[in-house]
*Asks:* 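Here's a structure for you.
Chain identifiers are assigned alphabetically (A, B, ...) following the order of the sequence lines, protein sequences preceding nucleic acid strands; residue numbering begins at 1 within each chain.
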There are 2 protein chains.
Amino acid sequence: MIGISDPRMAGRFMGAQDGAMPSVLLMRLEHAAALGPCDRAALAAAVSTFERVPARSVLVQEADRPRTGYAIVEGFACHYRQGRDGKRQITALLLPGDLYDPQASILGGADYGVATLTGCLVAAIGAPALERLKLEHPRIARALTWALLTEASTAREWIVGLGTRPAGKRFAHLICELQARLQAVGLASETRYRLPLTWEDLADTLGISLVHMNRVAQELRDTGLIIFRDKILTIEDPARLRVFADFNPAYLHLTPPAA
Amino acid sequence: MIGISDPRMAGRFMGAQDGAMPSVLLMRLEHAAALGPCDRAALAAAVSTFERVPARSVLVQEADRPRTGYAIVEGFACHYRQGRDGKRQITALLLPGDLYDPQASILGGADYGVATLTGCLVAAIGAPALERLKLEHPRIARALTWALLTEASTAREWIVGLGTRPAGKRFAHLICELQARLQAVGLASETRYRLPLTWEDLADTLGISLVHMNRVAQELRDTGLIIFRDKILTIEDPARLRVFADFNPAYLHLTPPAA
DNA sequence: CGATGATTTGACACCCCTCAAACAAAGTGG
DNA sequence: CCACTTTGTTTGAGGGGTGTCAAATCATCG
């Protein structure tokens, strides 16, 4: 695996991609609170570098004490823990607009790894810049807290899925979740999005074996709920899929609170 | 179920229990950061009422917008979600010293329920008092953030357990986790603590059926790892249990960070 | 002493895992 | 351009972990 701290990579894409990050990150954060032009400018300015990271690279090592925050601009990444027996469990998927906040440094070291699953375009924000951002822009601070709480809420929903739903419904539920989250940043329609993960990644997310993952996916195809070809996922019957998966998007908190 | 908002309950125990909460809550929060005498006094003063709540009472309804924070002083409570089919999945256990922070109100409504599992003594802290506490006492604010991050980290560890560990190791892991967390607030020795939950509560926590829960527990007893009688859990061989469960307490972040 | 809730045990079915192997696609080097 | 490797996908067979159904036992309590 290649770490993104490789100096040959750093900063290579500054300028060219300058506008891309704010777009997708802002789309996400503005689900939490309206941001002013000043907030947006500060956010864009806080990004130190854009980096292109190959698939399956480690962004944050388990037991690291990271000094940089990351925002995913393009591609899929994940939080994971690796067991002694080599089994990997993915504990969260990071989509474009999601961020990894080294606020975790309060804890005295990351207790999980962060890695890319596909090639990613990543915006790096230094911890000090992030702290300043929070102090000087309360609306951004609020939005970041919202993001953290939403992550926790999503983790709880995954616990519910792993604890109570059979593999098929679990996959269906994940498909619904990704549709909602990707649509929130403009990367999915009601019925279609790009899902560039391998069966193995999905299996490690759903807590099932690769073999069973394949069978479960076929079942969803055979029952006419989805089509999945060339990494493009098409939902054939959204309403029926949501019922089947027992999906209720409330836990994603994608609609801005009244306050 | 009886809600604690019942006026006959409110405030009944003020004074008598006045010192109990700070003790256990402070023991927990001081794992995050040292607190000054001023912080402690402010924390104690912020508690509006102590309430005795019977077992199986709902503290926060799913879809509520709670205006009160709770700190558990005695007893066990939980976060949970209930599926359409009636299956309950417990997503977090709240032990003495743990708190439920209505900070979740940023999200515009709770997305899960909070309920007592045993009879509990609960300290209620109004949302405004909590906000003031955070503003005027940065060390408390930091400690509360630490608590939130630790909860998220624990949720991730539960995902790992549900996704990768068989039921027996999952139970063993939970036993280790509870030992560490209870010891941190003075309610467990290295080998012994009170675990006042029913098999059903534990089954709903581990994501297995009540019947299987029973078998798995017997297995741990038969292999000489634990004794569990009269709600008292005794760990016969802590080292062997931790190896069996693949338990690494790092995710609990119970040792204060250097910073 | 009957009612209720908690624990225990047995039988059987099914979900899902493991092992194994075949197959496809994409890169790599000769 | 073709062997060859690597990575990802698909399929089959068999076994084990768990769920469900059913019923017995036990404890607590009014």
Side-chain angles (χ1 to χ4, degrees), chain A residues 1 54-57 76 83 85-90 115-119 161-173 194-223 226-233 244, chain B residues 1 54-57 76 83 85-89 116-119 161-174 194-223 226-233 244-245:
Chain A
M1 307 235 191
R56 287 163 212 301
S57 312
F76 282 41
D85 52 2
K87 265 185 197 163
R88 173 184 66 160
Q89 175 67 44
I90 291 176
T116 60
L117 294 171
T118 71
L162 286 163
T164 68
R165 282 190 270 265
K169 290 175 192 277
R170 224 139 79 208
F171 184 35
H173 196 275
R194 191 172 143 72
L195 179 62
L197 304 183
T198 66
W199 285 151
E200 188 166 11
D201 294 331
L202 288 168
D204 288 352
T205 302
L206 299 175
I208 62 182
S209 69
L210 192 163
V211 172
H212 199 55
M213 181 69 231
N214 187 34
R215 289 193 230 277
V216 152
Q218 276 188 21
E219 189 189 321
L220 289 195
R221 274 187 301 207
D222 293 346
T223 50
I226 63 166
I227 301 172
F228 190 30
R229 229 179 31 224
D230 298 327
K231 305 292 184 192
I232 303 290
L233 192 139
F244 175 70
Chain B
M1 309 236 191
R56 287 162 214 300
S57 313
F76 283 40
D85 52 2
K87 264 185 200 162
R88 172 183 68 161
Q89 175 67 42
T116 60
L117 294 172
T118 72
L162 286 163
T164 67
R165 283 190 270 264
K169 290 175 191 276
R170 224 139 78 206
F171 184 35
H173 196 275
L174 182 65
R194 190 172 143 71
L195 179 61
L197 304 183
T198 66
W199 285 152
E200 189 166 10
D201 294 331
L202 288 168
D204 288 352
T205 302
L206 298 175
I208 62 181
S209 69
L210 193 163
V211 172
H212 199 53
M213 180 69 231
N214 188 34
R215 290 193 229 278
V216 151
Q218 276 187 21
E219 190 189 319
L220 289 195
R221 275 187 302 209
D222 294 345
T223 49
I226 62 166
I227 300 173
F228 190 29
R229 230 178 31 223
D230 299 326
K231 305 291 185 193
I232 303 290
L233 193 138
F244 175 71

*Asks:* Can you measure A/L162 atom CG to C/dC15 atom P for me and round it to whole angstrom units?
*Replies:*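 After rounding, the gap between these two atoms is 18 Å.
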
*Asks:* Given 3.5 Å as the limit, does a donor-acceptor pair link the side chain of B/T164 with the main chain of A/Q89, or not?
*Replies:*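 Between the backbone of A/Q89 and the side chain of B/T164 there is no qualifying donor-acceptor contact (under 3.5 Å).
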
*Asks:* Is the phosphate of C/dA25, meaning OP1 or OP2, less than 4.0 Å from a side-chain N or O of A/K231?
*Replies:*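 Looking at the OP1 and OP2 atoms of C/dA25, neither is under 4.0 Å from any side-chain N or O of A/K231.
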
*Asks:* Rounded to the nearest Å, what distance is computed from the CZ atom of residue B/R56 to the C1' atom of nucleotide C/dA6?
*Replies:*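 Going from CZ in B/R56 over to C1' in C/dA6 covers 10 Å.
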
*Asks:* How many Å lie between CG on B/D204 and P on D/dG19, as a whole number?
*Replies:*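 Whole-Å distance recorded here is 11 Å.
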
*Asks:* Want to settle it: does A/V211 or A/R170 sit nearer the 5' end of DNA chain C, counting the closest nucleotide to each?
*Replies:*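 Whichever sits nearer the 5' end wins; that is A/R170.
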
*Asks:* Using the closest heavy atom to pick a nucleotide of DNA chain D for each, name whichever of A/R215 or B/A167 lands nearer the 5' end.
*Replies:*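 Nearest nucleotide further toward 5': that of A/R215.
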
*Asks:* Round to the nearest Å and state the distance from A/L197 atom CG to D/dT7 atom P.
*Replies:*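 The answer, rounded to whole Å, is 18 Å.
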
*Asks:* Let's see if you can work this out: which of D/dT18, C/dT8, C/dG10 has an atom nearest to the side-chain heavy atoms of B/L210?
*Replies:*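 When the side chain of B/L210 is considered, C/dT8 is the closest of D/dT18, C/dT8, C/dG10.
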
*Asks:* Please work out if A/G207 contacts a base, only the sugar-phosphate, or nothing of the nucleic acid, heavy-atom cut-off 4.0 Å.
*Replies:*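 Sugar-phosphate, backbone atoms only, no base.
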
*Asks:* Nearest-Å distance, CG (B/L206) to C1' (D/dG19)?
*Replies:*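 Rounding to the nearest Å, CG of B/L206 and C1' of D/dG19 are 15 Å apart.
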
*Asks:* Considering only D/dG8, D/dA13, D/dT18, which nucleotide approaches the side chain of B/P166 most closely?
*Replies:*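 The answer is D/dT18.
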
*Asks:* Under 4.0 Å between a side-chain N/O of B/R221 and OP1 or OP2 of C/dT8, yes or no?
*Replies:*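 Yes, within the criterion.
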
*Asks:* Would you check if the side chain of A/T118 reaches a backbone N or O of A/F76 as a donor-acceptor pair within less than 3.5 Å?
*Replies:*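 Yes; judged by distance alone, with no hydrogens or angles, the pair exists.
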
*Asks:* Where the side chain of A/E200 is defined as all heavy atoms beyond and including C-beta, which of D/dT20, D/dT10, D/dG8 is the nearest nucleotide?
*Replies:*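 My answer, after comparing the listed nucleotides, is D/dG8.
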
*Asks:* Side chain of A/I208: nearest nucleotide among C/dC17, D/dT20, D/dT18?
*Replies:*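 So the nucleotide nearest the side chain must be C/dC17.
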
*Asks:* May I ask you to evaluate whether B/K169 reaches the phosphate of D/dG17, defined as a side-chain N or O under 4.0 Å from OP1 or OP2?
*Replies:*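 So the side chain of B/K169 is outside the cut-off, no N or O lying under 4.0 Å from OP1 or OP2 of D/dG17.
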
*Asks:* To the nearest 0.5 Å, what is the distance between CG on A/L202 and CG on A/L197?
*Replies:*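 Separation between the atoms: 5.0 Å.
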
*Asks:* Could you check which of D/dG8, C/dC17, D/dT11 has an atom nearest any side-chain atom of A/Q218?
*Replies:*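 Minimum distance to the A/Q218 side chain belongs to D/dT11.
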
*Asks:* Please report the distance, rounded to the nearest Å, between CG in A/D201 and P in D/dG8.
*Replies:*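 Answer to the nearest Å: 8 Å.
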
*Asks:* Could you tell me how far apart B/M213 (CE) and D/dG17 (P) are, to the nearest whole angstrom?
*Replies:*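 Distance check: B/M213 CE to D/dG17 P gives 17 Å.
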
*Asks:* By the 4.0 Å heavy-atom rule, please label A/S209 as base, sugar-phosphate, or nothing.
*Replies:*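 The residue A/S209 makes base contact.
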
*Asks:* Does A/R229 place a side-chain N or O at less than 4.0 Å from the phosphate oxygens OP1/OP2 of D/dT9?
*Replies:*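 Result: no.
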
*Asks:* Checking B/R170 side chain against B/L206 main chain: does a donor-acceptor pair fall under 3.5 Å?
*Replies:*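 The answer is yes, because a donor-acceptor pair under 3.5 Å joins these two groups.
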
*Asks:* Would you indicate, yes or no, if C/dT8 has its OP1 or OP2 atom less than 4.0 angstrom from a side-chain nitrogen or oxygen of B/N214?
*Replies:*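 So the side-chain polar atoms of B/N214 do come within 4.0 Å of the phosphate oxygens OP1 or OP2 of C/dT8, strictly under.
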
*Asks:* Looking at every heavy atom in both B/L117 and B/R88, which two are closest together, and how far apart are they?
*Replies:*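 In this case the closest contact between B/L117 and B/R88 is CD2-NH1, 3.9 Å.
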
*Asks:* Take B/L220 and B/F171, measure what side chain to side chain contact (heavy atoms under 4.5 Å, CB included) needs, and give me the verdict at the end.
*Replies:* CA-CA 9 Å; B/L220 289 195; B/F171 184 35; 3.6 Å; yes

*Asks:* Please report the distance, rounded to the nearest Å, between NE2 in A/H212 and P in D/dT18.
*Replies:*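 Between P of D/dT18 and NE2 of A/H212: 14 Å.
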
*Asks:* Name the residue closer to the 5' end of DNA chain D, choosing between A/G163 and A/W199 according to the nucleotide with the nearest heavy atom.
*Replies:*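 By nearest-heavy-atom nucleotide position, the 5'-most residue is A/W199.
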
